[in-house]
Number of protein chains: 4
Amino acid sequence: MRFKLNFKSGKPVYLQVVDQVKVAAASGSIQAGEPLPSIRPLAEELRVNRNTVAKAYAELESQGVIETVAGKGSFVSANNSPLKKAVRLELLAQEIDTAVIQAHHLQVGKAEFLRLAEDRFDAFQDKRDRAATS
Amino acid sequence: MRFKLNFKSGKPVYLQVVDQVKVAAASGSIQAGEPLPSIRPLAEELRVNRNTVAKAYAELESQGVIETVAGKGSFVSANNSPLKKAVRLELLAQEIDTAVIQAHHLQVGKAEFLRLAEDRFDAFQDKRDRAATS
Amino acid sequence: MRFKLNFKSGKPVYLQVVDQVKVAAASGSIQAGEPLPSIRPLAEELRVNRNTVAKAYAELESQGVIETVAGKGSFVSANNSPLKKAVRLELLAQEIDTAVIQAHHLQVGKAEFLRLAEDRFDAFQDKRDRAATS
Amino acid sequence: MRFKLNFKSGKPVYLQVVDQVKVAAASGSIQAGEPLPSIRPLAEELRVNRNTVAKAYAELESQGVIETVAGKGSFVSANNSPLKKAVRLELLAQEIDTAVIQAHHLQVGKAEFLRLAEDRFDAFQDKRDRAATS
DNA sequence: GTGGTCTAGACCACC
DNA sequence: GTGGTCTAGACCACG
């Protein structure tokens, strides 16, 4: 699990962590019963206070996504079946919508928008492939 | 100028207004010298306290994006040349990248991603057209 | 309402505030509908951070003792009938018990204990009377 | 030595142990050179982690109240003369004062207060006697 | 080492 | 002015 924070977005850091864990659990890239990173190391990696991560984990536990045992760690809950495809696409659609709106504000047309989308997707794949090879 | 607020994003509302005005001015969809909506009607339209809009306008003025004339209103400053196309695409690419990453986490492939992007773009256009007609 | 904090007791400050408000409401010395001190001034008076008082008030609201309206203030809830005498004595008995235990540890006998109790009660009354006169 | 913990008071458990040992030593109910209970049995009796008791003993040793001999146990230090009576009463007066204040908040009068004090003192003695007999 | 709690400072939205 | 939220630092209990 790799976390990516955006400190400038204004979105609370702890919610960014919550979302990323949920997506990872939803997509199946973290399996049920698997441990999450411990609070302290993760906080250090993210350059964030311990409590910020703790708050994210507390929120995830209250949502039933993970289970946490004091002194042991936090683990993905069992009852989280990977999301159905329709739900996954719904989540993705929200992200795409914000890009569409931005395109409109910047007066970028459909053809150009789609070309850019393809370019960025390919660029992302390339980067991942190179990372996997190295 | 159409504003779209997201109360759940955690991003301060007044900054959302600031950003949208800046993008609109940068993209040329608001021309220099054009008036911005008055604070009270805009606050009402956005379902937000007047102080929040006032704060956004104050921030914009301090950044030199707009100029406020007491008793007249607020106007886009002259020295904001519309951004070059390359810069606009760069801004848009950032938004698309986050959608691409989300697609990867949700294990959505390229074909599906691009199809969804087209769908959402069309849906957005439809909605605008209907709004303009009514 | 006068608050008295003990920073050395180890008892969380916010809980001390909670208890004192509850006792005041229970004893009827704060009437239903009456406003509590605002968070900031109270925090300043107690030499404590705003959030500490806010946490106490939040706890009181979750317990139904007070009701708080953002931008207006906090008010004693209506349904808090003054405690029955038996309940009041029960609360007081707890405090006395800790003094009794202390007496035992310090090997102070019953006669001496009761004499001291009377002395301190009288001393307290005297102090209050003098304060009222001045 | 009988320990009594209050898990709800918010006061750190290890400090409660420290205080009670100090009071016992100060009042003379534990004599100099007398051994304290070993960490493990005491921790078990108090339903507390061994580290917590160990922390209390370490604190007591650093304060010079007890001395620990590896492999032998912990013993009350010699230089702790039992407190003079006046000092003991002073300590007790503090506890009684908090009960008096509570009585005032709960609008309990002097006669009732003193009667309750006597009741609780007797009840405590009874409980001790029964415990000693069993 | 693990997670949990209390206190604090800064910023936000609203009146 | 009002209360609400996010981030942080220090301390605690437990393994």
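All values derive from a computational prediction rather than experimental measurement.
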Practice item. Return the nucleotide paired to F:dC14: Watson-Crick means purine N1 to pyrimidine N3 with N6-O4 or O6-N4, wobble means G-U with N1-O2 and O6-N3, both under 3.5 Å. Key: E:dG1
[N] [atom2] sits how many Å from [X] [atom1], rounded?
X: A:L15; N: F:dC6; atom1: CG; atom2: P; result: 6 Å
X: A:Y57; N: E:dT5; atom1: OH; atom2: C1'; result: 19 Å
X: C:E44; N: E:dT7; atom1: CD; atom2: P; result: 18 Å
X: C:L36; N: F:dT2; atom1: CG; atom2: P; result: 13 Å
X: A:L42; N: F:dA8; atom1: CG; atom2: P; result: 13 Å
X: C:K11; N: E:dT7; atom1: NZ; atom2: P; result: 12 Å
X: A:R50; N: F:dC12; atom1: CZ; atom2: C1'; result: 10 Å
X: A:E59; N: F:dC6; atom1: CD; atom2: C1'; result: 13 Å

Can you tell me which nucleotide in [options] comes closest to the side chain of [X]?
X: A:P41; options: F:dG4, E:dT2, E:dT7; value: E:dT2
X: B:N51; options: E:dG3, E:dC14, E:dC12; value: E:dC14
X: B:Y14; options: E:dC12, E:dT7, F:dG3; value: E:dC12
X: C:R40; options: E:dC12, E:dA8, E:dC14; value: E:dC12
X: C:V48; options: F:dG3, E:dA8, F:dC14; value: E:dA8
X: C:P12; options: E:dA8, E:dG3, E:dT7; value: E:dT7

Practice item. Determine whether A:H104 and A:V100 make a side-chain contact, defined as any pair of heavy atoms from C-beta on separated by less than 4.5 Å. Key: no
**Study point:** Toward the 5' end of DNA chain F, by each residue's nearest nucleotide, C:I39 or D:R47
**Key:** C:I39
Practice item. Would you kindly compare A:N49 and C:V69 by the position of their nearest DNA chain F nucleotide and give the one closer to the 5′ end? Key: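 Residue closer to the 5' terminus by nearest nucleotide: C:V69.
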Side-chain N,O ([X]) to OP1/OP2 ([N]) below 4.0 Å:
X: C:K55; N: E:dC6; value: yes
X: C:T68; N: F:dT2; value: no
X: A:S38; N: E:dG1; value: no
X: B:T52; N: E:dC14; value: yes

Review point. What's the verdict on side-chain hydrogen bond (donor to acceptor under 3.5 Å, both in side chains) for C:T68 and C:E61, showing C-alpha distance, side-chain angles and the deciding distance?
Key: CA-CA 7 Å; C:T68 176; C:E61 173 151 42; 4.6 Å; no
Point to revise | Whether D:E67 side chain and D:V76 backbone form a donor-acceptor pair below 3.5 Å | key: no
Review point. Under the side-chain contact (heavy atoms from CB on, under 4.5 Å) criterion, do C:F7 and C:V48 qualify, and how do the steps go?
Key: CA-CA 10 Å; C:F7 289 98; C:V48 155; 3.9 Å; yes
Exercise for review: Please indicate whether C:E44 has more than 12 foreign heavy atoms, meaning atoms of other residues, nucleotides or ligands, lying under 6.0 Å from its CD.
Suggested key: no
Exercise for review: Check the pair D:Q63 / D:E59 against side-chain hydrogen bond (donor to acceptor under 3.5 Å, both in side chains), numbers first and verdict last.
Suggested key: CA-CA 6 Å; D:Q63 293 187 16; D:E59 175 70 15; 2.6 Å; yes
